[in-house]
Amino acid sequence: MERIEHFEYFIGPQHPGVTGNMSYHLWARGDEIVKIVSSVGYLHRGFEKLMEYRFWIQNVPMVPRICVPEPDVNEILYAMGVERLAGLEVPERAQYIRVLVLELARLSAYLFYFAGVAGALGLYTIPQWAIGDRDYILDLFEELTGGRVYHIFITPGGVRRDLPPGFKEKVRKVLKHLKDRLSDYDRLYFDNALFIKRTKGVAVMTKEYALEMGVTGPNLRATGFRYDVRRGDPYLVYPKLEFDIPVTGGGDNYSRVMQRRLEFEESIRIIEQVLDMMPEGPVITKLPNPFRWKIEKNDVYVRVESSKGEFGYYVVSDGSEKPRRIHVRGPSYTHGIQVAQEMAVGLRIADVPVFLFSMDVCPPDIER
Amino acid sequence: MGTGLKNLLNPLDAVKYLFKKPHTIRLPYEPKVIANRYRGIHVNDWDLCVGCGNCARICTCQAITMVPVEGIEPKPGSTNLRPKVDYGKCSFCGQCVDVCPTGSLKLSKNFNLISTNREDYVFIPSKEWDSGPGTGWESDLEYSILNFERVEMPERPPEERRKDFEPVILGFSREQAVVEGMRCLGCALCMDGCPTRMFIPQYIEAITDGDYEKSLKIFYVNNPLPEICGTVCTHRCEDACVYSRRGQPVQIRYLKGFGASRIDDRAKVLGTKVGTKKGRVAVIGAGPAGFTVSYYLRREGFDVTIFEALSVPGGMMKVGIPRYRLSQKILDREIGFITSLGVEIKYNTRIGRDIKLSQLLKEFDAVFLGVGFHRGIKMGIPGEDGEGVMQAVDFLRKVNLGEEVKIGKRILVVGGGDVAMDATRTPLRLGAEEVILSYRRREVDMPASEEEIKEAKEEGVVFMTQTLPIEVLRDANGKVTGVKYVRTRMEDQGPGRRPKPVPIMEETFIFEVDTVIEAIGQTPDYSLMEKEIREKLTFDKSGKRVVVDENGMTSVEGLFAGGDIVNYRGDIISAVADAVKAAKGIARYLAGK
């Protein structure tokens, strides 16, 4: 009789503990993973190529689709890339509004993240709460940008509209609600013995390994390395704002979740300052004719700190009305493919989805 | 933190929410309050929409196509096309709204488009889904991605320019022309406004690219007088420009003038080669129509002879338009190129006096008539024959030909058209102290172009609107001493019709002037042709203009016509359009002969 070496499992492609279509092929001996291979290709839409066939301004509605949970980083990156290539100045008020949008998006992405990890752990009350609270932020987005998920709001030169009347008060109300809820979340989730037991010491990533693999964002800070693009390569008005870069340092699933828990508070702090400091003035500079806007031959790499890590765009112009090449550097490629394939080995089967979600893998930005 | 008993009991705290009001609402059903900026289903106001197609061009998803809609009449500056949206493709980004020049398109707050029929998701948006005014994603000039403001044409200051006949406008610099030209969206609605349908988006693109040779070649496809038109055209194209709906149109005229002025030697770019076709054509009148027809016929190879009553070429361009609006340099350059192709001009030859029209019809294979309106209309009031009363066309002709004209110090000009404006501004340059313009309607009713009115005012012309002269007063020697006038009131004539001025006869006033220039209109002089030919010609209802067929031919065989005597618009570009049509018609006629 043939001896069975290991069982094979397939996670995905329907949302394998991550927000998008992607699958992992697992080989397990007993309950222990011996091999994991990622399988992508379910989401490839060819955005980078499509962008080469569109006028500069036409790509604005296209880019947010590259990342569903936090689309705004794509908008800001594309806008910043085009602005640097074309030498456009962004009015200060627009920069504050951009920070407001980005930090609100970070809050909503983190709530989504908390929901995902908790869901993978089987703690189903938390997703109900987090998704419900995220909806309050989506309401704000709807009010400000006209869209709930894809905002298509940040455009080269500024933002598409000014704040609607009474918007600041609404934001403050939501922030207060979120702050009040944090203690509830703490008791239900972050101080929950079940959560701690399941995540502490699981899938530990060392600082050296993270740096070697190119891990960025909260995942890197969770290993104890203090680095944030908002401070390391400042953009917009972040230098004018006061906020800390928290560092947890365990490198395990638990630290990765707690890292975001701490950053959640920092984002609220940033938004409060933005609301107070925002100057009056125009929100967009006059753009050239959208159909005839040519940008001289040049190339630029721009990056921002997304909720998942360093997000970057490499934008190349060749003097024509359309981009020559746009390359999207999403953090999930590193986190979801290279790191996941190595780090998931040795985990228990039930810990794999928790681990994948704790890395905040987003397949849409792996494949674009 | 830890896994002790406290941490185990912590989550039970959430039980308190059992007794609190839930965040979600189950019953009764409450519709969601939609944000005012929501980007839902399109709404399009068909009356405002001009069918320019910019929404379809900007659409990233290619969800919008332009389709003709029945019941909408296309007219200059507006087509019968309206956007049709495929909601299987639309991503509700709202860029179509931000790029809409008219502001007719918006996204409503409605998003519940539910149907089992796939055809229901593709339709031409109208006001059907409108969620009311001020709701949904609307076009806003402040945030528009279009630039509604033009680059102002540099001009000499009024105090300086009113002293001489040097051009008022200074012309665009290269940078200004590029900025202005870059505003063009390329929707080509302007072409419907242009009588000769010049290829406006194409030449603007060539000009902004700095390819002046290409732009010159595009001009000459259907207009051999681009720099003249680029200076003094009535720019119907700009009235048709989509920007004019909510802002300032692209200054197509001055861009053309800029492009044409860049190349001095036309022959070097366009060549002097002529075709091989045989035939002799006589052209009567060396004006815009005459030169245009000569250019295109000569290019085909026909022998063209122009008969001109005056001693100079140009017609009204030379003797009607003052030099401060159209310089001699531009005239020489454009006309010189046409004559350099081998067009013969016989000056001081008046048809009917020096040579008979019937003789020309016999001697030549075809005759083109482009004599224009050179006779002023009289007011028909007492005292009009007094010394010091003159016709604007005669006055301007004399000034432009350098002849001596006797004018006084205080001048009254009667009329409200472009000729009246020329007649007010020219005396200023000849040393008149005060010029008054009398017009029987309001300023908004003036047929003169806006910038002429503005410039005339800047130069100090006094506008007396809603005044009607009723008698010219003279002294014992017959010299003019003043004009008696009455005020008028405007009587509404119903929608779409010009209000009528009605004189208020009770009270009369007096302008104390010593010269009166009448500029209330012109009329043609058909005395040049014999009675037999005149009887055979078909005239329109007014009896002033000749009716021509689609080839530009009159009811007399072999006699073609164009310019003021054919079209009611009476400007250079319409004369060019008539002549382009007639040139093709003559070539066709001669081919069949």
Which bit of [X] comes within less than 4.5 Å of chain A, counting heavy atoms only: side chain, backbone, both or neither?
X: B:Leu12; answer: neither
X: B:Arg39; answer: both
X: B:Val99; answer: side chain
X: B:Glu149; answer: neither

So do the side chains of [X] and [Y] get within less than 4.5 Å of each other, counting heavy atoms only?
X: A:Tyr150; Y: B:Phe92; value: no
X: B:Leu146; Y: A:Pro290; value: yes
X: A:Arg65; Y: B:Ser91; value: yes

Is any side-chain N of the basic residue among B:Asp98 and A:Arg161 closer than 4.0 Å to the acidic one's carboxylate O? yes
Quick one: do B:Lys16 and A:Asp184 make a salt bridge, cutoff under 4.0 Å? yes
Mark yes or no for whether [X], through its side chain, and [Y], through its backbone, hold a donor-acceptor pair below 3.5 Å.
X: A:Arg54; Y: B:Ile58; answer: no
X: A:Glu143; Y: B:Ala35; answer: no
X: B:Asn147; Y: A:Lys286; answer: no
X: A:Arg187; Y: B:Asp13; answer: no
X: B:Arg183; Y: A:Pro288; answer: no

Do you know which of A:Ile126, A:Ile152, A:Asn59 has the most heavy-atom pairs with chain B at a distance under 4.5 angstrom? A:Ile152
Heavy-atom pairs under 4.5 Å with chain B - which of A:Thr155, A:Ile284, A:Leu144, A:Val283 has more of them than the others?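 Among the listed options, the one with the most contacts to chain B is A:Leu144.
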Please report the interatomic distance CZ(B:Arg37) to OG1(A:Thr145), rounded to the nearest 0.5 Å. 8.5 Å
Could you tell me if A:Arg292 and B:Thr208 have a donor-acceptor pair between their side chains, going purely by distance under 3.5 Å?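 Yes, side-chain donor-acceptor contact under 3.5 Å.
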Strictly less than 4.5 Å between heavy atoms, which residues of residues 85-97 of chain A line up against chain B? Please order them by number. none
Before you tell me yes or no, could you show the steps for B:Met182 and A:Phe291 under side chain to side chain contact (heavy atoms under 4.5 Å, CB included), namely the whole-Å CA-CA distance, both residues' side-chain angles and the distance that decides it to 0.1 Å? CA-CA 9 Å; B:Met182 280 296 280; A:Phe291 303 117; over 6 Å; no
So does A:Lys297 have more than 12 non-hydrogen atoms from other groups sitting under 6.0 Å from NZ?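 Counting neighbours around NZ of A:Lys297, 12 or fewer heavy atoms of other residues, nucleotides or ligands fall under 6.0 Å, so no.
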If contact means a heavy atom pair closer than 4.5 Å, which residues of residues 199-207 of chain B contact chain A?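 Heavy-atom contacts from residues 199-207 of chain B to chain A are B:Ile204, B:Glu205.
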For B:Gln95 against A:Val60, the heavy-atom pair lying closest together: NE2-CB, 3.8 Å
